[in-house]
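The next block holds one structure in the form of C-alpha cells; read it before the comments.
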Number of protein chains: 2
Amino acid sequence: MAAESRHLRELPELKSMNLLASTSFGRLVFSQHALPAIRLVNHIVDDGAVIIRTQLAATVLAPTGTVVTYEADAIDPHTHLGWSVIITGLAEWVTDARDVVRYERVLRPWGIGDQDQVIRIRPHLIAGFELAEHASN
Amino acid sequence: MAAESRHLRELPELKSMNLLASTSFGRLVFSQHALPAIRLVNHIVDDGAVIIRTQLAATVLAPTGTVVTYEADAIDPHTHLGWSVIITGLAEWVTDARDVVRYERVLRPWGIGDQDQVIRIRPHLIAGFELAEHASN
C-alpha cells in the first residue's frame with residue numbers, strides 16, 4: 001500500500017499572482033478601530049495589481065493609501081489540499097474615471113448597495129503556498 | 001423566465017457558531033509587525049471557543065492574550081453563494097496539559113513541523129452572513 005505524505009511548498013511570485021488571477025474572490029484583511037478585520041470581496045488582477053470594490057473604502061483607507069493584506073485560496077474542504085496566496089501592499093482609491101467605469105463593468109460588489117468604491121492594491125509582498133499530496137511506496 | 005436576485009443576510013450568532021463548527025479550517029487574522037496578516041489553520045469548536053494549532057503563537061500572542069479575528073466560509077467558487085462567519089475575540093495559549101493533549105489528538109497542524117501551540121479564541125463578536133439566491137417570476 002502506498003504511504004501518503006503531505007507537502008507544503010512555497011510558490012514563486014509569478015505563479016502566485018497567476019493563481020490569484022485565476023479566481024474571482026478573496027478576503028481583504030485590514031485594521032479597523034485597531035482590531036484585525038476581514039471581509040470577502042470580488043477581485044480581478046489587472047496590470048499586476050489586485051482590483052476590488054468595497055463599501056469599506058471610507059473607513060479603511062487613508063487618503064494617502066493604507067497597507068492592507070489580501071488573501072485568496074482554493075482549498076478542498078475535505079482533504080485540505082490546494083493553494084493560498086497572500087499579498088500585502090498599499091491600497092488606494094482608483095480615481096481615474098475611465099478606470100473606474102472599466103472596473104465597475106467587470107467587478108460585481110459582493111453584497112447589495114452602490115456605495116462602493118474601486119480600490120487598487122499594488123502587491124509589495126507576495127506569498128503563495130500549495131499543500132499537495134505525494135504518494136510513495 | 002425567472003429573474004434571479006441575490007440576497008445577503010446576517011445570520012444569528014448561534015447559527016454562525018454552528019456553521020463554524022461544521023467546517024474544519026479557517027483563517028486567523030492578526031497584526032504582525034503592525035501589518036495585517038492572515039494564515040490558514042485547522043480548527044475545532046469546543047465549548048463555544050475556537051481552538052487552533054499554530055506555529056505563530058510566540059510571535060502573535062502576548063502573554064496576557066491578544067485580540068484576533070478568525071474567519072471561515074463555504075463559498076461556491078462560481079456562483080459565490082454560501083456563508084462566511086467572522087469572530088473576534090481574545091486568543092490565549094491553552095496551558096492545561098490535558099486540554100493540550102486532547103486538542104492535539106483531533107487537530108492537525110496545517111503545515112509541517114511540531115513547533116506549534118494550541119490556542120483558544122473566545123468569541124467576543126460573532127458575525128455571520130449568507131449569500132443566497134432567490135428566484136422570482
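The basis for the numbers below is simple: all heavy atoms, side chains too, and nothing from hydrogens, waters or symmetry mates. Per chain, numbering begins at 1; letters A, B, ... match sequence-line order.
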*Under a 4.5 Å side-chain heavy-atom rule over Ile, Leu, Val, Met, Phe, Trp and Tyr, are A:Val94 and A:Leu61 clustered together?*
no
_Strictly less than 4.5 Å between heavy atoms, which residues of residues 35-51 of chain A line up against chain B? Please order them by number._
A:Leu35, A:Pro36, A:Ala37, A:Ile38, A:Leu40, A:Asn42
_Cluster check A:Phe30, A:Ile119: I/L/V/M/F/W/Y, side chain < 4.5 angstrom_ = yes
*Is there any residue in residues 95-102 of chain B with a non-hydrogen atom under 4.5 Å from a non-hydrogen atom of chain A, and which ones are they?*
none
*Sub-4.5 Å side-chain heavy-atom contact between A:Asp73 and B:Arg27*: yes
*Among B:His78, B:Arg108, B:His80, which has the most heavy-atom pairs under 4.5 Å with chain A?*
B:His80
*Would you mind telling me which of B:Ile86, B:Val67, B:Val29, B:Val68 has the largest number of heavy-atom pairs within less than 4.5 Å of chain A?*
B:Val29
_Inter- and intrachain pairs under side chain to side chain donor-acceptor pair (under 3.5 Å), touching residues 84-94 of chain A, at least two apart_ = A:Thr69-A:Thr88, A:Glu71-A:Ser84
_Path from A:Val118 to A:Tyr70 over hydrophobic side-chain contacts below 4.5 Å_ = no
*Structural part of A:Phe129 lying under 4.5 Å from a heavy atom of chain B*: side chain
*Which residues in residues 9-26 of chain B have a heavy atom less than 4.5 Å from any heavy atom of chain A?*
B:Ser24, B:Phe25
